[in-house]
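All of these numbers come straight from a predicted model, not from anything done at the bench. Below, chain A is the first sequence line, B the second, and so on; all start at residue 1.
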Amino acid sequence: MQRYSGFGLVKHALSHHENWQRQWRNPTPKKEYDVIIVGGGGHGLATAYYLAKEHGVKNIAVIEKGWLGGGNTARNTTIVRSNYLWDEAAALYEHAMKLWEGLSQDINYNVMFSQRGVLNLGHTLQDMRDIQRRVNANRLNGIDGEVLDAKGVQELVPIMDCSKNARYPVMGASWQPRAGVARHDAVAWGYARAADAHGVDLLQNTEVTGFKIRDGRVYGVHTNRGDIGAKTIGCVAAGNSGVLANMAGFKLPLESHPLQALVSEPLKPILDTVVMSNHVHGYISQSDKGDLVIGAGIDGYNGYGQRGSFPTVEHTLQAIVEMFPIFSRVRMNRQWGGIVDTCPDACPILSKTPVKGLFFNCGWGTGGFKATPGSGHVFAASLAKGEMHPLAAPFSIDRFHSGALIDEHGAAGVAH
Amino acid sequence: MFYIYCPYCGEHREEEEFHPKGQAHIVRPKEPESCSDEEWGDYLFFRDNPRGIHHELWVHAVGCRKFFNITRHTVTYEILETYKMGEQPSITAETYAPQSSESEAARVAKQAGVRA
Ligand SMILES: Cc1cc2nc3c(=O)[nH]c(=O)nc-3n(C[C@H](O)[C@H](O)[C@H](O)COP(=O)(O)OP(=O)(O)OC[C@H]3O[C@@H](n4cnc5c(N)ncnc54)[C@H](O)[C@@H]3O)c2cc1C
Ligand SMILES: [Zn+2]
């Protein structure tokens with residue numbers, strides 16, 4: 001792998017940038033791998049990277065039916081934070097946060113991780129009590145957080161309407177200064193390039209159509225490019241996880257819903273942090289390019305169509321304009337949807353399955369981008385050892401029968 | 001935007017009058033106390049979530065406020081039928097046949113990104 005650096009940039013400028021290496025190979029599938037990862041989104045690519053780098057697994061394939069990062073990884077609003085309420089979730093997301101803090105150096109790829117802070121607004125007394133409780137829980141878990149009143153919020157975001165006249169006046173917020181945003185495509189590409197450099201085969205345009213299972217154990221997959229063998233398989237397929245589980249003969253407690261986002265025309269810098277509101281249901285940040293990045297809620301019905309409904313966008317923009325009257329005449333440039341796999345307790349599933357050798361990492365729903373490095377890291381350790389990593393263990397499928405749910409609807413409520 | 005036929009009002013109305021309520025035809029166990037953890041967890045949390053034909057419960061929230069069922073395709077989003085509570089669907093995954101070879105389902109499936 002050709003390392004990226006400032007010096008390299010200057011050197012390549014001399015040859016008019018015509019000699020850059022391809023970021024990864026386009027290999028033909030082998031007959032057999034030690035580990036197959038199904039799904040080439042951020043989580044799958046990160047899993048492959050840590051498997052190769054930290055666990056010395058040499059023979060790995062990532063199988064992706066479309067292009068790398070083309071699923072939810074490149075469709076999300078890129079918010080990264082770790083201020084979840086319950087110990088299990090907080091530990092997992094904070095593990096990811098620590099990896100984010102060194103990620104660009106680790107994979108030698110600028111993921112543009114920007115710790116510009118995230119505000120979660122409170123608009124009612126109950127919101128404020130929940131915020132107090134969550135921030136206290138965060139601090140006990142060593143996660144940064146502060147409770148701000150309306151004046152504190154106004155100081156951070158002068159353009160927001162924090163007056164008493166708003167339909168749902170802002171009463172305060174939780175503030176996590178270490179939270180922020182990252183460039184989602186770069187996360188997928190950076191992990192892909194780093195995994196490829198460790199010899200991982202990235203197989204694009206390859207769709208898994210079934211599993212080869214004998215005596216309750218998996219030993220390969222059927223794909224549109226032929227059968228590929230492996231005795232350890234990790235499925236990281238977000239909205240399509242239920243479809244894959246079906247192929248393997250069991251059910252997951254997931255429902256697939258469209259979730260959409262939209263971006264405006266580019267503006268001069270005006271918003272230097274991330275604002276989220278559960279209550280009025282909208283969240284917004286400004287990308288480095290200048291566009292406002294706005295996320296909506298899920299459509300209530302199940303869907304796999306990767307587009308969202310109009311009433312949902314309308315509702316979100318009403319909330320945004322109510323909070324930021326100054327944006328009322330900004331024009332929107334693009335709108336799209338992704339398919340998110342929502343779980344009953346708004347927490348992911350990292351788990352063994354009824355089929356030996358077959359593992360699933362899914363159910364991240366509306367908020368898994370922030371977890372990408374942590375999810376890949378603990379899932380890789382689980383696949384390498386055949387036992388779930390301690391941070392992943394509470395997220396097993398069994399919890400939907402034992403009742404040990406990890407209810408994060410409060411912290412994950414608006415999605416991210 | 002869906003344009004939904006309410007079988008009770010006997011009229012098509014816009015999506016915003018309705019709320020989806022998840023999978024239809026889920027039967028509550030007759031004796032919850034005698035369910036195993038497995039059975040009770042399945043009843044509470046495990047849904048079909050198909051990529052294709054889905055029978056779902058909707059409520060005409062700002063209309064007649066009655067619950068009814070819809071058979072819908074979860075990739076094309078095409079509404080195939082609506083029917084009253086207590087009735088059974090006439091179209092199922094087994095009997096469903098897209099109208100023409102170039103059905104909406106086929107067209108959508110070919111769009112860039114949809115198969116991704
Ligand atoms: C609009 C929107 C906004 C969001 N905003 C945020 C946010 O601000 N912050 C946050 O933390 N999270 C956010 N999320 C959630 C986040 O995007 C996801 O949780 C995360 O990206 C999931 O990553 P992944 O790698 O698991 O899935 P994906 O990136 O979806 O990757 C799964 C891959 O599996 C592939 N696949 C599926 N089936 C098969 C098959 N049969 N064979 C081969 N390959 C297959 C797919 O093509 C896909 O590329 C948002 C999501 C959406 C849609
Ligand atoms: Zn009606």
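- Taking all atoms of both residues into account, the shortest heavy-atom contact from Glu56(B) to Tyr301(A) is OE2-CB, 4.4 Å.
- For the atom pair Phe400(A) CZ and Asp42(B) CG, the distance stands at 12.0 Å (nearest 0.5 Å).
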Determine whether Tyr304(A) and Asn49(B) satisfy the following criterion, side-chain contact (heavy atoms from CB on, under 4.5 Å), listing intermediate values before the conclusion. CA-CA 10 Å; Tyr304(A) 287 87; Asn49(B) 199 26; 3.4 Å; yes
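- More than 12 heavy atoms of other residues, nucleotides or ligands shown are found within 6.0 angstrom of NZ on Lys251(A).
- Rounded to the nearest 0.5 Å, atoms CZ (Phe46(B)) and CZ (Phe250(A)) are 10.0 Å apart.
- More than 12 heavy atoms of other shown residues, nucleotides or ligands fall within 6.0 angstrom of atom CZ in Arg225(A).
- Leu405(A) has its side chain within reach of Phe45(B): a pair of non-hydrogen atoms, C-beta onward, lies under 4.5 Å apart.
- If you tally non-hydrogen atom pairs under 4.5 Å between each of Gly239(A), Gly41(A), Ser256(A) and chain B, the highest count goes to Ser256(A).
- In this structure, NE2 on His401(A) lies 9.5 Å from CG on Leu44(B), to the nearest 0.5 angstrom.
- The main-chain N or O of Asn302(A) is found under 3.5 Å from a side-chain atom of Arg72(B) such that the two form a donor-acceptor pair.
- Residues of residues 9-38 of chain B placed with any heavy atom under 4.5 Å of a heavy atom in chain A are listed by number as Glu15(B), Glu16(B), Pro20(B), Asp37(B), Glu38(B).
- Between Ser309(A) and Met1(B) the shortest side-chain heavy-atom distance does not fall below 4.5 Å.
- By the 6.0 Å and 45° rule, Arg307(A) stacks over the aromatic ring of Tyr77(B).
- Here Asp48(B) contributes atom CG and Glu255(A) contributes atom CD; the two are 9.5 Å apart, rounded to the nearest 0.5 Å.
- Other residues, nucleotides and ligands contribute over 12 non-hydrogen atoms within 6.0 Å of the OH atom of Tyr43(B).
- Residue Trp86(A) qualifies as open at atom CH2: its count of foreign heavy atoms under 6.0 Å is 12 or below.
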